[in-house]
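Just below is one structure, and these are the notes that go with it.
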Number of protein chains: 2
Amino acid sequence: MDTKSKLLSAAEQMFDRHGYTATGMDRLTAAAGMSSRTLYKHAGSKALLLTEVLAAREKRFMAGMEVTSVDALFVAVETWLREEGRRGCLFLRSLAETGGDAPEIAGVVLAHKAAFRARLGEIVAAELGPGAHEALTEQILVLFEGAIHAAVYRGPQAAASARAAAAVLLREARA
Amino acid sequence: MDTKSKLLSAAEQMFDRHGYTATGMDRLTAAAGMSSRTLYKHAGSKALLLTEVLAAREKRFMAGMEVTSVDALFVAVETWLREEGRRGCLFLRSLAETGGDAPEIAGVVLAHKAAFRARLGEIVAAELGPGAHEALTEQILVLFEGAIHAAVYRGPQAAASARAAAAVLLREARA
DNA sequence: GTACATGTAAAACGATCGGTTTACATCGCA
DNA sequence: TGCGATGTAAACCGATCGTTTTACATGTAC
């Protein structure tokens with residue numbers, strides 16, 4: 001594994017487990033197994049490192065969500081929760097930790113959420129056919145965020161609850 | 001307002017807006033309008049201050065959720081979001097920022113979530129009559145967390161979406 | 001009238017913060 | 001052979017961290 005990806009995966013793990021602000025650069029260099037000089041050459045700054053971590057995570061997450069039905073989406077969410085942990089949404093946590101200041105970070109986070117919502121809209125449209133499904137998409141988005149965050153204390157089966165609820169909503173929408 | 005409650009409300013605002021770790025004690029004393037000596041006499045430490053802030057917030061939040069129907073619950077959630085802001089759940093954020101270490105904080109957070117889930121179980125039972133409604137309670141819990149967190153980027157009307165979805169689930173459960 | 005509780009202002013504690021710098025090693029490639 | 005890119009190790013920068021301390025001002029109650 002090359003230096004850059006070693007850095008990104010170590011940083012993602014540290015930020016996710018201990019939080020962005022609480023993770024010092026010394027612990028980052030130790031976890032990544034490199035000198036601070038090398039780290040700064042690759043990342044530029046701590047804030048830029050976070051944006052790169054989030055960009056890589058978004059790519060991996062969205063790849064896992066390449067599904068064609070709402071039901072499969074929540075199965076994918078449960079898999080993600082089991083494999084990537086249940087510490088809440090790293091994007092929203094990053095936004096909250098920086099207080100919404102730090103425009104680079106806020107930009108990455110909000111862009112990711114917008115992209116996911118667009119993806120969700122496509123999935124819903126694929127199931128229900130063309131037409132406006134704004135309200136239903138919004139409800140499933142709420143179920144998605146709920147699965148991610150309830151999983152922190154209820155476990156990955158929160159995604160199964162969301163999946164069952166979404167099935168009811170879809171059946172209702174088709175009727 | 002006496003010293004202690006002045007401290008607690010200032011600290012809650014600072015922790016909520018800028019995050020726990022990112023808020024220094026100097027900014028806390030400035031916001032609370034008191035010397036660091038007085039602050040430490042009342043709070044003991046930064047971590048203990050957070051637990052007191054969370055305890056006070058839980059009391060206020062649970063008071064706002066004293067409702068007798070799921071529908072009224074989500075109305076109350078929307079009101080909370082409009083009045084208290086949409087920066088995500090301060091309890092889950094505190095847990096994430098401390099990485100789950102700091103047992104005093106993790107304890108307060110998990111106790112709050114357990115208490116709210118119990119409350120939710122009562123509300124559901126009041127609507128559907130006695131009997132086991134575990135699965136439905138779990139689904140509405142997911143909608144609740146989803147409303148809180150989707151509101152960060154979709155606005156307080158995320159609670160209205162959750163409300164509409166919950167109505168469908170309840171109608172289905174009664175049928 | 002003096003003891004006590006409650007407060008302020010400000011200096012100081014050692015530790016750690018994000019970030020830079022200096023000095024030196026190793027490697028592939030011309 | 002030599003040069004540039006890439007890396008390490010570690011000292012160093014000023015600032016800030018959470019916390020304690022010293023010194024002093026109140027008001028209130030025995």
Side-chain angles (χ1 to χ4, degrees), chain A residues 1-54 90 93-106 108, chain B residues 1-54 90 93-106 108:
Chain A
M1 192 156 54
D2 65 336
T3 309
K4 185 67 172 283
S5 41
K6 200 169 60 171
L7 169 59
L8 287 183
S9 84
E12 180 175 0
Q13 196 171 137
M14 294 294 280
F15 289 158
D16 186 45
R17 284 193 206 271
H18 308 294
Y20 171 68
T21 313
T23 300
M25 298 308 282
D26 54 343
R27 263 169 277 194
L28 235 25
T29 58
M34 65 185 57
S35 68
S36 71
R37 191 156 205 260
T38 301
L39 189 151
Y40 273 95
K41 182 156 292 192
H42 281 71
S45 73
K46 194 190 184 187
L48 281 175
L49 176 59
L50 176 57
T51 67
E52 292 202 59
V53 163
L54 291 179
L90 187 58
R93 287 167 55 202
S94 300
L95 188 67
E97 275 210 56
T98 56
D101 321 321
E104 335 102 270
I105 294 168
V108 176
Chain B
M1 191 156 55
D2 65 337
T3 309
K4 185 68 173 281
S5 39
K6 200 170 57 171
L7 169 58
L8 287 183
S9 84
E12 180 175 0
Q13 196 171 138
M14 294 294 280
F15 289 159
D16 186 46
R17 284 193 205 270
H18 308 293
Y20 171 68
T21 313
T23 301
M25 298 307 281
D26 55 341
R27 264 169 275 193
L28 236 23
T29 57
M34 64 186 55
S35 67
S36 71
R37 188 153 205 252
T38 301
L39 188 153
Y40 273 94
K41 183 158 290 189
H42 281 58
S45 73
K46 194 190 182 187
L48 281 175
L49 176 59
L50 176 57
T51 68
E52 293 202 60
V53 163
L54 291 179
L90 187 59
R93 286 167 54 200
S94 300
L95 187 67
E97 274 211 56
T98 57
D101 322 321
E104 336 101 271
I105 293 168
V108 175

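Residue numbers start from 1 in every chain, and the chains themselves are labelled A, B, ... in the order their sequence lines are given, proteins ahead of strands.
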Inset, instruction - Report yes if the side chains of A:R93 and A:F15 come closer than 4.5 Å at any heavy-atom pair, otherwise no. - result: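 They are not in side-chain contact.
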Legend entry - Sub-4.5 Å side-chain heavy-atom contact between A:E52 and A:K4: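 Yes, close enough: below the 4.5 Å cut-off.
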To the nearest angstrom, how far is [X] atom [atom1] from [N] atom [atom2]?
X	N	atom1	atom2	result
A:K6	D:dT6	NZ	P	15 Å
A:H42	D:dT8	NE2	C1'	13 Å
A:M34	D:dG7	CE	P	8 Å
B:K41	C:dA5	NZ	P	9 Å
A:L39	C:dT21	CG	P	16 Å
B:R37	C:dT6	CZ	C1'	10 Å

Legend entry - Approximate separation, where rounding is to 0.5 Å, of A:L49 CG and A:T51 OG1: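 The distance works out to 7.5 Å.
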For nucleotides 12-19 of chain D, tabulate all protein N/O to nucleotide N/O atom pairs closer than 3.5 Å, reporting atom names and distance.
| residue | atom | partner | partner atom | Å |
| --- | --- | --- | --- | --- |
| D:dC17 | OP1 | B:R27 | NH2 | 3.0 |
| D:dC17 | OP2 | B:D26 | OD1 | 3.3 |
| D:dC17 | OP2 | B:D26 | OD2 | 3.2 |
| D:dG18 | OP1 | B:T23 | O | 3.3 |
| D:dG18 | OP1 | B:K46 | NZ | 2.4 |
| D:dG18 | OP2 | B:M25 | N | 2.8 |
| D:dT19 | OP2 | B:Y40 | OH | 2.8 |
| D:dT19 | OP2 | B:K46 | N | 2.9 |
| D:dT19 | O5' | B:Y40 | OH | 3.2 |

Inset, instruction - Keeping the roles fixed (side chain from A:E97, backbone from A:T21), state whether a donor-acceptor pair exists under 3.5 Å. - result: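 Side chain of A:E97 to backbone of A:T21, a donor-acceptor pair under 3.5 Å: yes, one is there.
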Inset, instruction - Could you please name the option among D:dT8, C:dA9, C:dG7 that lies closest to any side-chain atom of B:S35? - result: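 The listed nucleotide nearest to B:S35's side chain is C:dA9.
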Inset, instruction - Search all heavy atoms of A:A43 against all heavy atoms of A:L7 and return the closest pair with its distance. - result: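 Minimum heavy-atom separation between A:A43 and A:L7: CB-CD2, 4.2 Å.
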Inset, instruction - Compare side-chain N and O positions of B:T38 against OP1 and OP2 of C:dG7 and report whether any pair is under 4.0 Å apart. - result: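 B:T38 to C:dG7 OP1/OP2: no side-chain N or O under 4.0 Å.
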Inset, instruction - Establish, yes or no, whether the cationic atom of B:K46 lies under 6.0 Å from the six-membered ring centre of B:Y20 and within 45° of the ring axis. - result: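 The answer is yes; both the distance and angle limits are met.
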